[in-house]
Asks: 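Sharing a structure below in structure tokens format, with a few things to ask.
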Amino acid sequence: MHPYIANTPEDIQEMLKAIGLENVDQLFDDIPKDIKLSRELDLPKSKSELEVSSYLKKLADKNCSISELTSFLGAGAYDHYIPSIVNHVISRSEFYTSYTPYQPEISQGTLQYIFEFQTLIANLTGMDLANASLYDGGTAVVEAALMAAAYSKKDEIIISKSVKPDARKILHTYAHVQDLKVIEVDVKDGVTDMEALDGLVNDNTAAVIVQSPNFFGIIEDLEAIGKVAHKGKKTTFIASVDPISLGILKKPGDMDVDVVVGEGQSLGIPVSFGGPYLGFMAVKKDYVRKIPGRIVGQTEDLDGKRSFVLTLTAREQHIRREKATSNICSNQGLNSLAATVYMVTMGKEGLREVALQSTKKAHYAYEQLTKSGKFKPMFDKPFFKEFALTSDIAPEKINEALRKENIIGGYDLGKEYPQFENGILYAVTEKRTKDEIDKLTSVMEGI
């Protein structure tokens, strides 16, 4: 909200007169009366600027950020280190005011960093090309599913229950209005049930969607899943990945994955109470004409200098509506720039070091927490930086005890997976120290 709005009552009346209205309420006549608030808001009529500022600050101070607390909470948003250069670059006015390039060729700076982002994501995933960009990891899953349906002209989407719950919910929402059928595959021992998946794939399957590392932090067997997925005629195999994990894991492009999507928050974007984040998508060249969003290409100008062009764009505003493959209306440009600066700053070795440290520290935490037997592993599978534990103690009680010690505990799995009652998912990144992990263990053992 803007801190100061200069319109006087006279200004408001003049604006209303210009559009032929008598009062502000008429602006909302299209809203059905049965859902419109029929009373005044329960707010004081007026307060001074000083009073409002003080009140809002008190409300804001009720929040606790990860700059004050030690976080072991992941489940899709991770407390990774962000080099100071990231904020330095994206805070420059020529970047933070940039938006979708509607007259692209005059926006060479914007086109360049989009091109660099695409190149880095394509290299990281091992795919032929990447777009720029998508809203977040959840909508990236959905866009990939819609693209697969358009590509194959089929209407069944199979998705593993080990994919993030919020991504699956978004998919169901979109699929409902697109007349697509979503089939969820059960989880067995923390990973996709391969036998169940094999029985579901048929010639009407547009896409098979899995996540690796999955929601429980476990590394799925993408090569085996790909073989099952590709039994279907023109079935697209979609993998949602953590980009940090690709610092040490095999590239999806080397495992016959058709489309790679993911959440780019861990690439230099703060947790920020849930967003805005950054979705990415990389594909085999077969999908170049169906990919949503935009693709920037590199060329030369009349003087032979390196320059950039908007090569492909699939929005309904750019091409005939019936041929559009996307209605993505906001370019997450600033977030894709942050991810680009992060990846360039870290480089191959830096990204590998982040992945290795996260993995080693997660395994150390896992060993310490399960040593006494009070907390038991839920699964016995290879994991990256997250793992699930269970005990006789309710997750709410554990997290309450941890919060008193300025620690943010793990994610209560029972919220989305009733069969995993008392299960808690812990995340450990390269930022966590041995002392912090040992304190986590000590507090939990004392509950």
Asks: Does the pair Q108 and S307 meet the rule for a side chain to side chain donor-acceptor pair (under 3.5 Å), with working shown?
Replies: CA-CA 7 Å; Q108 284 295 297; S307 57; 4.8 Å; no
Asks: Looking at G373, is its backbone amide N or carbonyl O close enough to the side chain of K376 to form a donor-acceptor pair, meaning the two atoms are under 3.5 Å apart?
Replies: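 Looks like yes, one N/O pair under 3.5 Å.
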Asks: Quick check for you: to the nearest 0.5 Å, what is the distance between L246 atom CG and R352 atom CZ?
Replies: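 Nearest 0.5 Å value for the CG-CZ distance: 13.0 Å.
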Asks: Given side-chain contact (heavy atoms from CB on, under 4.5 Å), test K439 with D435 step by step and report yes or no.
Replies: CA-CA 6 Å; K439 183 178 178 181; D435 287 345; over 6 Å; no
Asks: So which heavy atom on A282 is nearest to which on T125, and how close?
Replies: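 Heavy-atom minimum between the residues: CB-OG1, 3.4 Å.
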Asks: Taking only residues at least two apart or on different chains, which pairs with a member in residues 258-276 satisfy side chain to side chain donor-acceptor pair (under 3.5 Å)?
Replies: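 Listed by first then second residue: H230-D258, D258-K284.
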Asks: So does E184 pair up with R168, basic N to acidic O under 4.0 Å?
Replies: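 Salt bridge: yes.
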Asks: Side chains of K164 and S240: closer than 4.5 Å at any heavy-atom pair?
Replies: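 SC-SC contact between K164 and S240 ruled out.
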Asks: Got E223 and K250 here, is their nearest side-chain heavy-atom distance under 4.5 Å?
Replies: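 Touching, per the 4.5 Å side-chain cut-off.
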Asks: Please name the pair of heavy atoms, one in L351 and one in P243, separated by the smallest distance, quoted to 0.1 Å.
Replies: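 Nearest heavy atoms, L351 then P243: CD2-O, 4.4 Å.
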Asks: Could you walk me through whether L402 and M444 satisfy the side-chain contact (heavy atoms from CB on, under 4.5 Å) test, starting with their C-alpha distance in whole Å, then the side-chain angles of each, then the deciding distance to 0.1 Å, before giving a yes or no?
Replies: CA-CA 7 Å; L402 290 171; M444 286 177 62; 3.9 Å; yes
Asks: Under 3.5 Å, side chain of S336 to main-chain N/O of G333, donor-acceptor pair present?
Replies: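 Between the backbone of G333 and the side chain of S336 there is a qualifying donor-acceptor contact (under 3.5 Å).
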Asks: Verify, without hydrogens or angle tests, whether N399 (side chain) and G410 (backbone) share a donor-acceptor contact under 3.5 angstrom.
Replies: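 Checked: pair present.
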Asks: If you draw a 6.0 Å radius around CD in E195, do more than 12 non-hydrogen atoms from other residues or ligands fall strictly inside?
Replies: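 Not buried by this count: 12 neighbours or fewer within 6.0 Å.
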Asks: Report the distance from atom OG of S71 to atom CD1 of I407, rounding to the nearest 0.5 Å.
Replies: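 Output value for this atom pair is 10.5 Å.
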Asks: Please determine if R432 and D79 form a salt bridge, counting it only when a charged side-chain N lies under 4.0 Å from a carboxylate O.
Replies: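 Result for this pair is yes, salt bridge flagged.
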Asks: Would you verify whether the NZ or CZ of K385 falls within 45 degrees of the ring axis of Y78 while also being under 6.0 Å from that six-membered ring's centre?
Replies: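 Output yes; distance and angle both within limits.
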Asks: Under 6.0 Å from the ring centre and within 45 degrees of the ring axis: does the NZ or CZ of K234 meet both conditions for the six-membered ring of Y151?
Replies: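 The answer is yes; both the distance and angle limits are met.
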Asks: I225 vs M255, test: side-chain contact (heavy atoms from CB on, under 4.5 Å). Steps then yes/no.
Replies: CA-CA 10 Å; I225 294 171; M255 294 184 281; over 6 Å; no
Asks: Tell me the closest heavy-atom pair linking C64 and R403, and the distance in Å.
Replies: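 C64 and R403 have their closest heavy atoms at SG-NH2, 3.0 Å.
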Asks: Determine the minimum heavy-atom distance between V228 and L197, stating which atoms define it.
Replies: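 Looking at all heavy atoms of both residues, the shortest contact is CG1-CG, 3.9 Å.
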Asks: Please indicate whether K374 has more than 12 foreign heavy atoms, meaning atoms of other residues, nucleotides or ligands, lying under 6.0 Å from its NZ.
Replies: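 Yes, enclosed.
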Asks: Quick one: pull up CD1 in I398 and CG in L389 and give me the separation to the nearest 0.5 Å.
Replies: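 Atom-to-atom, I398:CD1 and L389:CG are 9.0 Å apart.
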Asks: Ignoring hydrogens and angles, state whether a donor on the side chain of S48 or E51 is under 3.5 Å from an acceptor on the partner side chain.
Replies: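 Indeed, the side chains of S48 and E51 share at least one donor-acceptor pair under 3.5 Å.
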Asks: So does K169 pair up with E416, basic N to acidic O under 4.0 Å?
Replies: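 Looking at K169 and E416, the cut-off is met.
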Asks: Parallel under 30°, tilted from 30 to 60°, perpendicular over 60°: which one fits the rings of F216 and F379?
Replies: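 Ring orientation of F216 relative to F379: tilted.
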Asks: To check you understand the geometry: which heavy-atom pair defines the closest contact between P252 and V241, and what is its length?
Replies: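 Between these two residues, the closest heavy atoms are CG-CG1, 4.1 Å.
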Asks: Is the number of heavy atoms from other residues, nucleotides or ligands under 6.0 Å of E445 CD greater than 12?
Replies: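 Yes, because the 6.0 Å sphere around CD of E445 holds more than 12 heavy atoms from other groups.
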Asks: Does S67 offer a backbone N or O that forms a donor-acceptor pair with the side chain of S65 under 3.5 Å?
Replies: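 Looks like yes, one N/O pair under 3.5 Å.
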Asks: State whether the side chain of E436 and the backbone N or O of T433 hold a donor-acceptor pair below 3.5 Å, judged by distance alone.
Replies: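 Yes; judged by distance alone, with no hydrogens or angles, the pair exists.
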Asks: When you look at CG of N63, are more than 12 heavy atoms from neighbouring residues, nucleotides or ligands closer to it than 6.0 Å?
Replies: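 Atom CG in N63 is crowded, with more than 12 foreign heavy atoms closer than 6.0 Å.
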Asks: Does the T359 side chain pair with the main chain of A355, one donor and one acceptor, at a distance under 3.5 Å?
Replies: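 Such a contact is found between T359 side chain and A355 backbone.
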Asks: Would you say the side-chain atoms of N406 pair up with the backbone N or O of K404, donor to acceptor, closer than 3.5 Å?
Replies: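 Not at all, since once roles are kept as given, no pair shorter than 3.5 Å links the two residues.
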Asks: Kindly indicate, with the supporting measurements, whether the criterion salt bridge (charged side-chain N to carboxylate O under 4.0 Å, His left out) is fulfilled by K231 and D198.
Replies: CA-CA 9 Å; K231 288 196 316 175; D198 189 45; 2.6 Å; yes
Asks: Closest heavy-atom contact between S152 and A206?
Replies: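 It is OG-CB, 3.4 Å.
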Asks: Does atom CD1 of I85 have more than 12 heavy-atom neighbours from other groups under 6.0 Å away?
Replies: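 No - once you tally the heavy atoms of other residues, nucleotides and ligands closer than 6.0 Å, there are 12 at most.
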Asks: Hey, is the main chain of A207 close enough, under 3.5 Å, to the side chain of T235 for a donor-acceptor pair?
Replies: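 Between the backbone of A207 and the side chain of T235 there is no qualifying donor-acceptor contact (under 3.5 Å).
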Asks: Say you draw a straight line from OG of S162 to CG of D189; how long is it, rounded to the nearest 0.5 Å?
Replies: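 The CG atom of D189 is 12.5 Å from OG of S162, to the nearest 0.5 Å.
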Asks: May I ask you to decide whether K434 forms a salt bridge with D438, counting only side-chain N to carboxylate O separations under 4.0 Å?
Replies: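 Yes.
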Asks: May I have the step-by-step check of salt bridge (charged side-chain N to carboxylate O under 4.0 Å, His left out) for E220 and K188, ending in yes or no?
Replies: CA-CA 11 Å; E220 296 265 3; K188 185 177 181 181; over 6 Å; no
Asks: Output the distance between atom CD1 (I159) and atom OG1 (T192), rounded to the nearest 0.5 Å.
Replies: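 If I round to the nearest 0.5 Å, the distance is 9.5 Å.
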Asks: Using the ring centroid of each side chain, check whether F215 and Y411 are separated by less than 6.0 Å.
Replies: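 Yes, the ring centres sit under 6.0 Å apart.
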Asks: Tell me whether the rings of Y366 and F383 are parallel (<30°), tilted (30 to 60°) or perpendicular (>60°).
Replies: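 Rings of Y366 and F383: tilted, as their planes differ by 30° to 60°.
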Asks: Between N335 and Y277, is there a donor-acceptor pair closer than 3.5 Å when you use the side chain of the first and the backbone of the second?
Replies: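 Checked: pair present.
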Asks: In terms of side-chain heavy atoms, does E353 have a donor or acceptor partner in Q357 at a distance below 3.5 Å?
Replies: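 There is such a pair between these side chains.
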Asks: Could you check if a side-chain atom of V141 sits within less than 4.5 angstrom of a side-chain atom of Q211, using non-hydrogen atoms only?
Replies: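 V141 vs Q211: side chains apart.
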Asks: If the plane angle is over 60° it's perpendicular, under 30° parallel, otherwise tilted; pick one for Y113 and F95.
Replies: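 Ring orientation, 0 to 90° scale: perpendicular.
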Asks: Without swapping roles, check the side chain of Q118 against the backbone of L129 for a donor-acceptor pair under 3.5 Å.
Replies: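 Checked: no pair found.
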Asks: So, are D186 and K161 salt-bridged, with charged N and O less than 4.0 Å apart?
Replies: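 Between K161 and D186 there is a salt bridge, with a charged N closer than 4.0 Å to a carboxylate O.
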Asks: For the OG atom of S391 and the CE atom of M378, what is their distance to the nearest 0.5 Å?
Replies: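 Nearest 0.5 Å value for the OG-CE distance: 10.5 Å.
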Asks: Does F308 have its ring centroid less than 6.0 Å away from the ring centroid of F115?
Replies: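 Yes, the ring of F308 comes within the 6.0 Å limit of the ring of F115, centre to centre.
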Asks: List the steps and the verdict of side-chain contact (heavy atoms from CB on, under 4.5 Å) for D256 and F237.
Replies: CA-CA 8 Å; D256 204 23; F237 177 30; 5.9 Å; no
Asks: Please determine whether salt bridge (charged side-chain N to carboxylate O under 4.0 Å, His left out) holds for the pair D61 and K57, giving the CA-CA distance in whole Å, both sets of side-chain angles, and the decisive distance to 0.1 Å.
Replies: CA-CA 6 Å; D61 286 344; K57 185 178 184 305; 3.0 Å; yes
Asks: Can a donor-acceptor pair be found between the side chains of T139 and Y174 at a distance below 3.5 Å?
Replies: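 Distance-only check fails for T139 and Y174.
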Asks: So, do L200 and V208 sit near enough that their side-chain heavy atoms are less than 4.5 Å apart?
Replies: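 Side-chain contact under 4.5 Å: no.
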Asks: Will you find, in the side chains of D155 and N204, an N or O donor that is under 3.5 Å from an N or O acceptor?
Replies: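 Yes - a donor-acceptor pair under 3.5 Å links their side chains.
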